[in-house]
Number of protein chains: 2
Amino acid sequence: MYKRPWWRGQFRQRGFRVTVPRETIIKVLSDRKKHMSVEEIFHEVIKTNPGVGLTTVYRTLELLRNMGFVSKLDFGDGFSRYELTIGDGSTHHHHLVCTGCGKVLDYSDFAEQETALIQEIERALNKKYNFVINTHQIHFFGLCKDCRGEQNEIGIV
Amino acid sequence: MYKRPWWRGQFRQRGFRVTVPRETIIKVLSDRKKHMSVEEIFHEVIKTNPGVGLTTVYRTLELLRNMGFVSKLDFGDGFSRYELTIGDGSTHHHHLVCTGCGKVLDYSDFAEQETALIQEIERALNKKYNFVINTHQIHFFGLCKDCRGEQNEIGIV
DNA sequence: TATGTTAATGAAAACAGTTTTCATTATGAG
DNA sequence: CTCATAATGAAAACTGTTTTCATTAACATA
Ligand SMILES: [Mn+2]
Ligand SMILES: [Mn+2]
Ligand SMILES: [Zn+2]
Ligand SMILES: [Zn+2]
(Lines give C-alpha, C1' and ligand atoms only; values in the text may rest on other atoms or scores of the structure.)
(Ligands and ions follow the chains in the order given, each with its own letter.)
Protein backbone atom coordinates (compact mmCIF):
# COMPACT_ATOMS: atom_id res chain seq x y z
CA MET A 1 0.00 0.00 0.00
CA TYR A 2 1.15 3.48 -0.89
CA LYS A 3 1.57 5.78 2.07
CA ARG A 4 0.77 9.32 1.02
CA PRO A 5 3.50 11.66 2.15
CA TRP A 6 2.42 13.61 5.22
CA TRP A 7 3.38 16.96 3.70
CA ARG A 8 1.54 16.92 0.38
CA GLY A 9 -1.77 18.05 1.77
CA GLN A 10 -0.09 20.90 3.62
CA PHE A 11 1.52 22.08 0.40
CA ARG A 12 -1.62 22.00 -1.71
CA GLN A 13 -3.65 23.50 1.08
CA ARG A 14 -1.40 26.54 1.19
CA GLY A 15 -1.27 26.89 -2.57
CA PHE A 16 2.23 25.51 -3.07
CA ARG A 17 2.92 23.09 -5.85
CA VAL A 18 4.27 19.60 -5.29
CA THR A 19 7.36 19.37 -7.45
CA VAL A 20 10.08 16.83 -8.03
CA PRO A 21 12.84 18.95 -6.45
CA ARG A 22 10.72 19.53 -3.36
CA GLU A 23 9.90 15.85 -3.07
CA THR A 24 13.55 14.94 -3.35
CA ILE A 25 14.73 17.47 -0.82
CA ILE A 26 12.16 16.39 1.74
CA LYS A 27 13.08 12.77 1.13
CA VAL A 28 16.73 13.52 1.80
CA LEU A 29 15.84 15.33 5.00
CA SER A 30 13.75 12.36 6.10
CA ASP A 31 16.23 9.67 5.20
CA ARG A 32 19.58 11.15 6.03
CA LYS A 33 21.21 12.20 9.21
CA LYS A 34 20.20 15.37 10.94
CA HIS A 35 21.86 18.77 11.00
CA MET A 36 22.83 18.67 7.34
CA SER A 37 24.30 21.75 5.73
CA VAL A 38 22.78 23.08 2.51
CA GLU A 39 25.71 21.75 0.54
CA GLU A 40 25.31 18.30 2.09
CA ILE A 41 21.62 18.24 1.28
CA PHE A 42 22.35 19.40 -2.26
CA HIS A 43 24.89 16.64 -2.86
CA GLU A 44 22.47 14.01 -1.62
CA VAL A 45 19.69 15.41 -3.79
CA ILE A 46 21.67 15.33 -7.01
CA LYS A 47 22.60 11.70 -6.46
CA THR A 48 19.06 10.80 -7.50
CA ASN A 49 18.06 14.01 -9.31
CA PRO A 50 21.08 15.54 -11.02
CA GLY A 51 19.04 18.34 -12.50
CA VAL A 52 18.14 20.03 -9.23
CA GLY A 53 19.93 23.30 -8.58
CA LEU A 54 21.51 24.56 -5.38
CA THR A 55 19.29 27.62 -5.53
CA THR A 56 16.21 25.45 -5.33
CA VAL A 57 17.58 23.73 -2.27
CA TYR A 58 17.97 27.09 -0.55
CA ARG A 59 14.51 28.15 -1.62
CA THR A 60 12.85 24.94 -0.54
CA LEU A 61 14.53 24.94 2.85
CA GLU A 62 13.32 28.49 3.46
CA LEU A 63 9.83 27.46 2.40
CA LEU A 64 9.87 24.47 4.71
CA ARG A 65 11.03 26.71 7.50
CA ASN A 66 8.20 29.15 6.93
CA MET A 67 5.80 26.22 6.96
CA GLY A 68 7.26 25.07 10.25
CA PHE A 69 8.48 21.71 8.93
CA VAL A 70 12.13 22.36 9.36
CA SER A 71 14.31 24.23 11.80
CA LYS A 72 17.44 26.11 10.90
CA LEU A 73 20.36 25.76 13.25
CA ASP A 74 23.65 27.59 13.55
CA PHE A 75 26.43 26.01 15.53
CA GLY A 76 28.98 28.67 14.70
CA ASP A 77 30.93 26.86 11.99
CA GLY A 78 29.73 29.08 9.16
CA PHE A 79 27.14 26.68 7.82
CA SER A 80 23.40 26.82 8.30
CA ARG A 81 22.07 23.42 9.22
CA TYR A 82 18.59 22.02 8.91
CA GLU A 83 16.55 19.28 10.50
CA LEU A 84 12.95 18.17 10.18
CA THR A 85 10.77 19.08 13.11
CA ILE A 86 7.72 17.24 11.88
CA GLY A 87 6.95 13.94 10.21
CA ASP A 88 8.53 10.59 11.10
CA GLY A 89 9.55 10.33 14.74
CA SER A 90 10.85 13.85 15.25
CA THR A 91 10.64 15.04 18.80
CA HIS A 92 11.82 18.26 20.34
CA HIS A 93 15.34 18.01 21.67
CA HIS A 94 18.46 20.02 22.42
CA HIS A 95 22.03 19.88 21.23
CA LEU A 96 25.51 19.01 22.31
CA VAL A 97 28.20 20.41 19.98
CA CYS A 98 31.88 19.47 19.85
CA THR A 99 33.90 22.60 19.20
CA GLY A 100 36.77 20.38 18.10
CA CYS A 101 35.27 18.42 15.22
CA GLY A 102 31.86 20.00 14.80
CA LYS A 103 30.01 16.80 15.70
CA VAL A 104 26.46 17.44 16.90
CA LEU A 105 24.54 15.14 19.22
CA ASP A 106 20.85 15.31 19.95
CA TYR A 107 19.85 14.59 23.49
CA SER A 108 16.41 14.31 24.94
CA ASP A 109 17.23 13.00 28.36
CA PHE A 110 15.88 15.55 30.87
CA ALA A 111 12.98 16.30 28.56
CA GLU A 112 10.56 16.50 31.46
CA GLN A 113 12.70 18.66 33.71
CA GLU A 114 13.74 20.94 30.88
CA THR A 115 10.21 21.33 29.65
CA ALA A 116 8.96 22.16 33.09
CA LEU A 117 11.60 24.83 33.67
CA ILE A 118 11.25 26.24 30.16
CA GLN A 119 7.52 26.62 30.49
CA GLU A 120 7.95 28.38 33.79
CA ILE A 121 10.55 30.71 32.28
CA GLU A 122 8.40 31.42 29.26
CA ARG A 123 5.46 32.37 31.42
CA ALA A 124 7.58 34.71 33.53
CA LEU A 125 9.39 36.32 30.61
CA ASN A 126 6.09 36.82 28.88
CA LYS A 127 4.72 38.65 31.89
CA LYS A 128 7.87 40.62 32.75
CA TYR A 129 9.10 41.63 29.29
CA ASN A 130 5.85 41.39 27.35
CA PHE A 131 7.33 38.87 24.96
CA VAL A 132 5.42 36.05 23.30
CA ILE A 133 7.86 33.17 22.97
CA ASN A 134 7.55 30.83 20.03
CA THR A 135 10.60 28.65 20.29
CA HIS A 136 13.88 28.16 22.06
CA GLN A 137 17.28 26.59 21.60
CA ILE A 138 19.61 25.09 24.15
CA HIS A 139 23.14 24.38 22.98
CA PHE A 140 25.94 22.86 25.03
CA PHE A 141 29.44 23.34 23.65
CA GLY A 142 32.37 21.18 24.60
CA LEU A 143 34.80 18.52 23.44
CA CYS A 144 34.05 14.94 22.57
CA LYS A 145 36.33 12.13 23.65
CA ASP A 146 38.22 12.03 20.35
CA CYS A 147 38.89 15.74 20.33
CA ARG A 148 40.09 15.77 23.91
CA GLY A 149 42.49 13.03 22.92
CA GLU A 150 43.82 14.94 19.95
CA GLN A 151 44.30 18.04 22.01
CA ASN A 152 46.27 16.18 24.59
CA GLU A 153 48.49 14.62 21.96
CA ILE A 154 49.19 17.89 20.25
CA GLY A 155 49.34 19.62 23.57
CA ILE A 156 47.11 22.60 22.95
CA VAL A 157 46.25 23.59 26.51
CA MET B 1 43.60 58.16 40.60
CA TYR B 2 44.22 56.14 37.46
CA LYS B 3 42.57 52.76 37.39
CA ARG B 4 44.66 50.34 35.40
CA PRO B 5 42.56 48.50 32.87
CA TRP B 6 41.77 45.00 34.05
CA TRP B 7 42.88 43.41 30.79
CA ARG B 8 46.37 44.86 30.30
CA GLY B 9 48.10 42.39 32.54
CA GLN B 10 46.39 39.49 30.78
CA PHE B 11 47.61 40.76 27.43
CA ARG B 12 51.22 41.25 28.45
CA GLN B 13 51.24 38.00 30.36
CA ARG B 14 50.29 36.08 27.24
CA GLY B 15 52.74 37.98 25.05
CA PHE B 16 50.20 40.16 23.27
CA ARG B 17 50.93 43.84 22.77
CA VAL B 18 48.74 46.57 24.14
CA THR B 19 47.87 48.73 21.16
CA VAL B 20 45.66 51.73 20.53
CA PRO B 21 43.19 49.86 18.33
CA ARG B 22 42.83 47.13 20.95
CA GLU B 23 42.34 49.68 23.71
CA THR B 24 39.66 51.44 21.71
CA ILE B 25 37.80 48.30 20.79
CA ILE B 26 37.71 47.09 24.37
CA LYS B 27 36.55 50.51 25.50
CA VAL B 28 33.68 50.44 23.03
CA LEU B 29 32.68 46.97 24.21
CA SER B 30 32.75 48.19 27.81
CA ASP B 31 30.87 51.42 27.26
CA ARG B 32 28.31 50.59 24.67
CA LYS B 33 25.33 48.36 24.62
CA LYS B 34 25.71 44.62 24.37
CA HIS B 35 25.30 42.31 21.39
CA MET B 36 26.96 44.70 18.96
CA SER B 37 27.70 43.54 15.46
CA VAL B 38 31.22 43.96 14.06
CA GLU B 39 30.07 46.83 11.90
CA GLU B 40 28.50 48.58 14.88
CA ILE B 41 31.66 48.18 16.92
CA PHE B 42 33.73 49.43 13.99
CA HIS B 43 31.61 52.57 13.60
CA GLU B 44 31.91 53.37 17.29
CA VAL B 45 35.65 52.79 17.20
CA ILE B 46 36.33 55.16 14.32
CA LYS B 47 34.42 57.94 16.05
CA THR B 48 37.40 58.37 18.34
CA ASN B 49 40.09 56.62 16.26
CA PRO B 50 39.40 57.10 12.56
CA GLY B 51 42.52 55.24 11.56
CA VAL B 52 41.47 51.84 12.84
CA GLY B 53 40.54 49.33 10.16
CA LEU B 54 37.64 46.93 10.04
CA THR B 55 40.08 44.05 9.68
CA THR B 56 41.62 44.90 13.02
CA VAL B 57 38.21 44.87 14.65
CA TYR B 58 37.64 41.35 13.36
CA ARG B 59 41.09 40.27 14.49
CA THR B 60 40.78 41.80 17.92
CA LEU B 61 37.37 40.29 18.54
CA GLU B 62 38.72 36.87 17.64
CA LEU B 63 41.67 37.41 19.97
CA LEU B 64 39.41 38.49 22.80
CA ARG B 65 37.30 35.42 22.20
CA ASN B 66 40.30 33.14 22.38
CA MET B 67 41.29 34.84 25.61
CA GLY B 68 37.81 34.25 26.99
CA PHE B 69 36.99 37.93 27.42
CA VAL B 70 34.24 38.08 24.89
CA SER B 71 31.54 35.75 23.65
CA LYS B 72 30.36 35.53 20.10
CA LEU B 73 26.64 35.18 19.58
CA ASP B 74 24.53 34.36 16.56
CA PHE B 75 20.86 35.14 16.64
CA GLY B 76 20.25 34.15 13.04
CA ASP B 77 20.16 37.58 11.41
CA GLY B 78 23.40 37.11 9.52
CA PHE B 79 25.55 39.16 11.87
CA SER B 80 27.95 37.87 14.48
CA ARG B 81 27.45 39.71 17.73
CA TYR B 82 29.82 40.14 20.63
CA GLU B 83 29.57 40.92 24.32
CA LEU B 84 32.09 41.11 27.12
CA THR B 85 31.97 38.21 29.52
CA ILE B 86 34.52 39.60 31.93
CA GLY B 87 35.33 42.95 33.46
CA ASP B 88 32.77 45.46 34.76
CA GLY B 89 29.59 43.85 36.09
CA SER B 90 29.23 41.09 33.51
CA THR B 91 27.40 38.07 34.77
CA HIS B 92 26.35 34.95 32.95
CA HIS B 93 22.89 35.24 31.48
CA HIS B 94 20.66 34.00 28.69
CA HIS B 95 18.83 35.66 25.83
CA LEU B 96 15.41 36.59 24.61
CA VAL B 97 15.35 37.49 20.90
CA CYS B 98 12.57 39.21 18.97
CA THR B 99 12.33 37.63 15.53
CA GLY B 100 10.42 40.71 14.37
CA CYS B 101 12.88 43.52 15.02
CA GLY B 102 16.01 41.69 16.16
CA LYS B 103 15.95 43.20 19.63
CA VAL B 104 17.88 41.15 22.18
CA LEU B 105 17.15 41.14 25.89
CA ASP B 106 19.37 39.68 28.58
CA TYR B 107 17.61 37.97 31.40
CA SER B 108 19.07 36.52 34.52
CA ASP B 109 15.94 35.77 36.45
CA PHE B 110 15.89 32.01 37.13
CA ALA B 111 19.66 32.02 37.44
CA GLU B 112 19.54 29.59 40.35
CA GLN B 113 17.07 27.16 38.84
CA GLU B 114 18.74 27.26 35.43
CA THR B 115 22.17 26.78 36.91
CA ALA B 116 21.02 23.84 38.97
CA LEU B 117 19.42 22.08 36.03
CA ILE B 118 22.30 22.90 33.69
CA GLN B 119 24.86 21.48 36.08
CA GLU B 120 22.83 18.34 36.44
CA ILE B 121 22.54 18.02 32.65
CA GLU B 122 26.22 18.66 32.13
CA ARG B 123 27.15 15.94 34.60
CA ALA B 124 24.84 13.44 32.94
CA LEU B 125 25.86 14.30 29.36
CA ASN B 126 29.48 14.07 30.37
CA LYS B 127 28.94 10.59 31.72
CA LYS B 128 26.62 9.33 28.98
CA TYR B 129 28.26 10.80 25.88
CA ASN B 130 31.79 11.30 27.20
CA PHE B 131 31.65 15.01 26.44
CA VAL B 132 33.40 17.69 28.49
CA ILE B 133 31.14 20.72 28.37
CA ASN B 134 32.69 24.17 28.45
CA THR B 135 29.81 26.48 27.83
CA HIS B 136 26.18 26.68 26.85
CA GLN B 137 23.66 29.03 25.30
CA ILE B 138 19.95 29.32 25.91
CA HIS B 139 18.01 31.41 23.43
CA PHE B 140 14.30 32.13 23.49
CA PHE B 141 12.80 33.41 20.23
CA GLY B 142 9.54 35.29 20.03
CA LEU B 143 7.90 38.64 19.39
CA CYS B 144 8.12 41.76 21.50
CA LYS B 145 5.08 43.91 22.17
CA ASP B 146 5.85 46.34 19.35
CA CYS B 147 6.32 43.60 16.77
CA ARG B 148 3.12 41.84 17.77
CA GLY B 149 1.36 45.17 17.28
CA GLU B 150 2.83 45.69 13.82
CA GLN B 151 1.90 42.20 12.78
CA ASN B 152 -1.68 42.65 13.82
CA GLU B 153 -1.95 45.95 11.98
CA ILE B 154 -0.48 44.59 8.79
CA GLY B 155 -2.28 41.34 9.25
CA ILE B 156 0.50 38.84 8.69
CA VAL B 157 -0.89 35.71 10.29
C1' DT C 1 66.51 57.50 25.45
C1' DA C 2 67.85 55.15 21.14
C1' DT C 3 67.73 50.70 18.54
C1' DG C 4 66.21 46.43 16.57
C1' DT C 5 63.03 42.75 16.27
C1' DT C 6 58.80 41.38 14.95
C1' DA C 7 53.83 41.54 16.35
C1' DA C 8 50.22 44.23 14.81
C1' DT C 9 48.03 46.98 11.47
C1' DG C 10 45.31 48.82 7.25
C1' DA C 11 44.06 48.51 2.43
C1' DA C 12 42.92 45.72 -1.07
C1' DA C 13 41.85 41.47 -2.82
C1' DA C 14 40.04 37.06 -2.17
C1' DC C 15 36.74 33.99 -0.25
C1' DA C 16 32.34 31.60 0.62
C1' DG C 17 27.69 31.16 1.88
C1' DT C 18 23.52 33.01 0.36
C1' DT C 19 20.30 35.80 -2.43
C1' DT C 20 18.72 37.95 -6.64
C1' DT C 21 17.76 38.14 -11.52
C1' DC C 22 15.68 36.46 -15.47
C1' DA C 23 14.63 33.46 -19.16
C1' DT C 24 12.71 28.78 -19.28
C1' DT C 25 10.01 24.85 -17.58
C1' DA C 26 6.32 22.24 -15.78
C1' DT C 27 2.39 22.03 -12.17
C1' DG C 28 -2.29 21.71 -11.81
C1' DA C 29 -6.87 24.30 -12.46
C1' DG C 30 -10.28 24.53 -15.83
C1' DC D 1 -5.52 19.39 -23.62
C1' DT D 2 -4.60 24.19 -22.81
C1' DC D 3 -3.20 27.99 -20.30
C1' DA D 4 -1.67 30.97 -16.50
C1' DT D 5 1.81 31.29 -13.61
C1' DA D 6 4.48 29.17 -9.75
C1' DA D 7 8.73 27.05 -9.68
C1' DT D 8 13.14 26.24 -11.49
C1' DG D 9 18.29 26.51 -12.86
C1' DA D 10 22.27 29.17 -14.29
C1' DA D 11 24.68 33.06 -13.76
C1' DA D 12 25.54 37.15 -11.53
C1' DA D 13 25.30 39.85 -7.55
C1' DC D 14 25.65 40.40 -2.79
C1' DT D 15 27.78 40.55 1.84
C1' DG D 16 30.01 39.19 6.02
C1' DT D 17 34.50 37.51 6.87
C1' DT D 18 39.33 36.07 5.96
C1' DT D 19 43.73 36.36 3.66
C1' DT D 20 47.63 38.74 1.72
C1' DC D 21 51.32 41.76 2.04
C1' DA D 22 53.78 45.96 2.58
C1' DT D 23 54.10 49.28 6.38
C1' DT D 24 53.97 50.74 11.21
C1' DA D 25 54.66 50.80 15.99
C1' DA D 26 55.09 48.11 20.63
C1' DC D 27 58.42 47.04 23.74
C1' DA D 28 62.70 44.27 25.09
C1' DT D 29 67.23 45.42 25.17
C1' DA D 30 71.12 48.15 25.61
MN1 LIG E 1 18.95 17.96 16.41
MN1 LIG F 1 23.72 39.18 26.48
ZN1 LIG G 1 34.90 16.29 18.60
ZN1 LIG H 1 10.44 43.19 18.18
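A note on names: the letters A, B, ... follow the listed sequences, proteins ahead of strands, and every chain is numbered from 1.
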For B:E114, all residues meeting side-chain hydrogen bond (donor to acceptor under 3.5 Å, both in side chains), sequence neighbours excluded:
B:H94, B:Y107

Looking only at atom types and distance, does a side-chain atom of A:E122 sit under 3.5 Å from a main-chain N or O of A:Q119, one as donor and one as acceptor?
no

Distance-only check: which donor-acceptor pairs under 3.5 Å involve side-chain atoms of residues 123-132 of chain B, not counting sequence neighbours?
| from | atom 1 | to | atom 2 | distance (Å) |
| --- | --- | --- | --- | --- |
| B:K128 | NZ | A:D109 | OD1 | 2.6 |
| B:Y129 | OH | A:D109 | OD2 | 3.4 |
| B:N130 | OD1 | A:R148 | NH2 | 2.5 |

Summary of ring pair (Phe, Tyr, Trp, His ring centres under 6.0 Å) pairs that have at least one residue in residues 16-56 of chain A, sequence neighbours excluded
A:H35-A:H95

Residues at least two apart in sequence or cross-chain that pass side-chain contact (heavy atoms from CB on, under 4.5 Å) with A:Q137, listed by chain then number, are A:L73, A:H139, B:F141

Suppose we screen for side-chain contact (heavy atoms from CB on, under 4.5 Å). Which residues come up paired with B:S80, at least two apart in sequence or across chains?
B:K72, B:Y82

What's the angle between the local helix axes at either end of the helix from C:dT1-D:dA30 to C:dG30-D:dC1, using five pairs per end and rounding to 10 degrees?
40°

Donor-acceptor contact below 3.5 Å, side chain B:T85 vs main chain B:G68
yes

In whole angstrom, give the distance that lies between atom NE2 of A:H43 and atom P of C:dG17.
10 Å

Those residues of residues 60-85 of chain B lying under 4.0 Å from DNA chain D by at least one heavy atom:
B:G78, B:F79, B:S80

Scan residues 42-66 of chain B for pairs that pass salt bridge (Lys or Arg N to Asp or Glu O under 4.0 Å), counting only residues two or more places apart or in two chains.
B:R32-B:E44, B:E44-B:K47, B:E62-B:R65

Set of residues satisfying side-chain contact (heavy atoms from CB on, under 4.5 Å) with respect to B:K34, sequence neighbours excluded:
B:E83, B:H93, B:D106

Determine yes or no for a side-chain-to-main-chain donor-acceptor pair under 3.5 angstrom, with B:S108 supplying the side chain and B:A111 the backbone.
no

Within residues 10-22 of chain A, residues whose heavy atoms come under 4.0 Å of DNA chain C:
A:R12, A:R17, A:V18

Is A:Y58 close enough to C:dT19 that one of its side-chain N or O atoms is under 4.0 Å from OP1 or OP2 there?
no

Along DNA chain D, first and last positions that approach a heavy atom of chain B under 4.0 Å:
D:dG16 to D:dA28

Determine, step by step, whether A:D74 and B:F75 satisfy the side chain to side chain contact (heavy atoms under 4.5 Å, CB included) criterion, reporting the C-alpha distance in whole Å, the side-chain angles of both residues, the deciding distance to 0.1 Å, and the verdict.
CA-CA 9 Å; A:D74 190 317; B:F75 298 119; over 6 Å; no

Between B:T24 (side chain only) and B:V45 (backbone N and O only), is there a donor and an acceptor less than 3.5 Å apart?
no

Taking side-chain contact (heavy atoms from CB on, under 4.5 Å) as the definition, give me every residue that meets it alongside A:T19, ordered by chain and number, with sequence neighbours left out.
A:R17, A:P21, A:R22

